Amino acid sequence: MKSDLRPDVNGTGPLHASGFLMGNACMLLASIFWGVNISVTKALIPEWMTAEGIIVVRLVLGAALFWLTSVFVKCDRIAPHDWLRLISGGFVGLFGFIYLFVTSLRYGNPIDISIIMTLPPMFVILIGVIFQRRRPSLLEYAGVFVSFAGALIVILYGKGGVSGSDNFLGNLLATASAICYALYLVILEKPSHTYRPVTMLRWVFLFSAIPALFLIPGMQYMPIFKTSRIIPWLEISFILVCPTFLAYFLVQPAIKRIGSELVSLYQYMIPVFASISAVMMDIDKLRWIQVVAMGVIVIGMAITNLGKRKRIS
């Protein structure tokens, strides 16, 4: 029998103590997955896999996992007017996001990129202003400016090349990746309130996997297929199962139990876990300028959230 996984789209689930703790635990685990994913991906490139190979694993095998899951859970029928959103969300949003994100790790260092990847909420606001005629308050604009200033610190300071071959290029690619993810959120905002997670994600991943198929030729020559070591295989398995697949199912119950605003704050924990894992894996070193940039971005987001709450109230 198929189970019903329809999300509580209003985020109004009861905030009992056990539910509140469970919601926070779900988001804490998802944030750990996303943060560690940045360091693990950097560890695989280029010693064991190419950026293109990791993109194929995340999108093609990720699509296979979601379609396999859809066999065991109840799924909705997609309305005709939503197909364009799902197709564009897969091609432009998810494929563009994953492609640019993984490629950025080929050139940049994981801590810088994890800091830049806190910016999608800022780009969502700007997309709303440009394309949806939304009018944020002056306080929200100020928060956007402060956050961009923090990202600019990372991008400009990244010219040096500490753990990447070209940190400046990597940071620019990470910024473009954050823009794609913001587009993904905007494009799929309405369908995400209409359909169960598996219903939407199986199609979005399928459409993102189509362009990823063109990256398969040449994968057989990657070093990971010529080694008997278990570590790289454990790392790529982690990337596929945890941040690509499980994290999506942790977010939905968290929204139901603690609300979308508190869920969004956990995004700013990702650089913390990325930094810890990068230092522990000895692939990067935390520098004071990164801590400053991280603090500036968080302050900017706090200002933006304050402005949004005042405007709504």
Side-chain angles (χ1 to χ4, degrees), residues 5 7 30 33-34 37-38 40-41 44-45 49-71 73 75-76 78-106 113 117 119-120 123-124 127 173-219 222 236-252 267 270:
L5 295 182
F33 286 160
W34 288 325
N37 169 62
I38 295 174
V40 172
T41 301
L44 284 169
I45 303 174
M49 297 186 70
T50 62
E52 292 77 12
I54 292 180
I55 293 165
V56 169
V57 169
R58 292 201 67 178
L59 295 179
V60 176
L61 297 186
L65 277 179
F66 279 109
W67 276 89
L68 178 63
T69 304
S70 69
V71 175
V73 301
C75 293
D76 308 298
I78 305 297
H81 63 270
D82 285 326
W83 281 113
L84 181 59
R85 288 181 176 271
L86 297 182
I87 294 172
S88 58
F91 271 97
V92 179
L94 188 57
F95 176 78
F97 161 57
I98 296 294
Y99 181 87
L100 291 168
F101 168 72
V102 175
T103 306
S104 72
L105 285 167
R106 175 183 177 184
I113 290 171
M117 292 311 298
L119 289 178
F123 290 120
V124 169
I127 291 170
L173 290 171
T175 303
S177 174
I179 294 174
C180 285
Y181 186 62
L183 287 170
Y184 171 87
L185 295 175
V186 172
I187 292 170
L188 296 177
E189 180 179 7
K190 290 184 178 179
S192 67
H193 289 290
T194 304
Y195 305 109
R196 297 173 177 87
V198 175
T199 299
M200 187 182 76
L201 290 171
R202 66 173 181 170
W203 287 109
V204 172
F205 265 81
L206 177 64
F207 294 129
S208 70
I210 294 173
L213 292 174
F214 293 95
L215 303 177
I216 291 179
M219 282 187 62
M222 293 189 303
I236 194 61
S237 298
F238 168 83
I239 290 174
L240 173 62
V241 175
C242 295
T244 304
F245 182 72
L246 291 179
Y248 286 97
F249 293 102
L250 292 170
V251 171
Q252 292 300 328
Q267 183 170 351
I270 295 175

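Along the sequence shown, residues carry numbers from 1. All of these numbers come straight from a predicted model, not from anything done at the bench.
Under a cut-off of 6.0 angstrom, the local environment of CZ in Phe101 is crowded, with over 12 non-hydrogen atoms contributed by other residues, nucleotides or ligands.
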Show your reasoning for whether side-chain contact (heavy atoms from CB on, under 4.5 Å) applies to Met219 and Val56.
CA-CA 9 Å; Met219 282 187 62; Val56 169; 3.7 Å; yes

Working for side-chain contact (heavy atoms from CB on, under 4.5 Å), residues Val57 and Met49
CA-CA 11 Å; Val57 169; Met49 297 186 70; 4.1 Å; yes

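Shown here for Ile113 and Ser104, the closest heavy-atom pair between the two residues is CD1-O, 3.3 Å. For the residue pair Met200 and Leu86, the shortest heavy atom distance occurs at CG-CD2, 3.7 Å. The two residues Ala209 and Ala63 make their nearest non-hydrogen contact at CB-CB, 4.2 Å. Taking both residues in full, the closest heavy atoms of Val60 and Ala212 are given as CG2-CB, 4.0 Å, listed atom of the first, atom of the second, then distance. Closest heavy-atom contact between Leu250 and Ala30: CD1-N, 3.8 Å.
The line from CG of Leu201 to CZ of Phe66 is 4.5 Å long, rounded to the nearest 0.5 Å. For the atom pair CZ of Arg85 and CD1 of Ile78, the computed distance is 13.0 Å after rounding to the nearest 0.5 Å. Taken to the nearest 0.5 Å, the OG1 atom of Thr50 stands 10.5 Å off from the CG atom of Leu44. Within the model, atoms OG of Ser88 and CG of Leu94 stand 11.5 Å from one another, a figure rounded to the nearest 0.5 Å. Note that CG of Leu206 is 6.0 Å distant from CH2 of Trp203, once rounded to the nearest 0.5 Å.
Aromatic rings of Phe95 and Phe91 (six-membered ring for Trp) have centroids beyond the 6.0 Å cut-off, not under it. For Tyr184 and Phe97, the ring centers sit 6.0 Å or farther from each other.
The main-chain N or O of Ile239 is found under 3.5 Å from a side-chain atom of Thr244 such that the two form a donor-acceptor pair. Although no hydrogens or angles enter the test, the distance criterion places a donor-acceptor pair under 3.5 Å between the side chain of Asp76 and the main chain of Arg196. For the pair Ser177 (side chain) and Leu173 (backbone), a donor-acceptor distance under 3.5 Å is absent. Between the side chain of Trp67 and the main chain of Arg202, a donor-acceptor pair closer than 3.5 Å is present. Here the side chain of Thr103 pairs no donor or acceptor atom with the backbone of Leu100 at under 3.5 angstrom.
For Ala64, there are no side chain to side chain contact (heavy atoms under 4.5 Å, CB included) partners, not counting sequence neighbours. Shown here are the side chain to side chain contact (heavy atoms under 4.5 Å, CB included) partners of Leu65, two or more places apart in sequence or in another chain: Leu240, Phe245.
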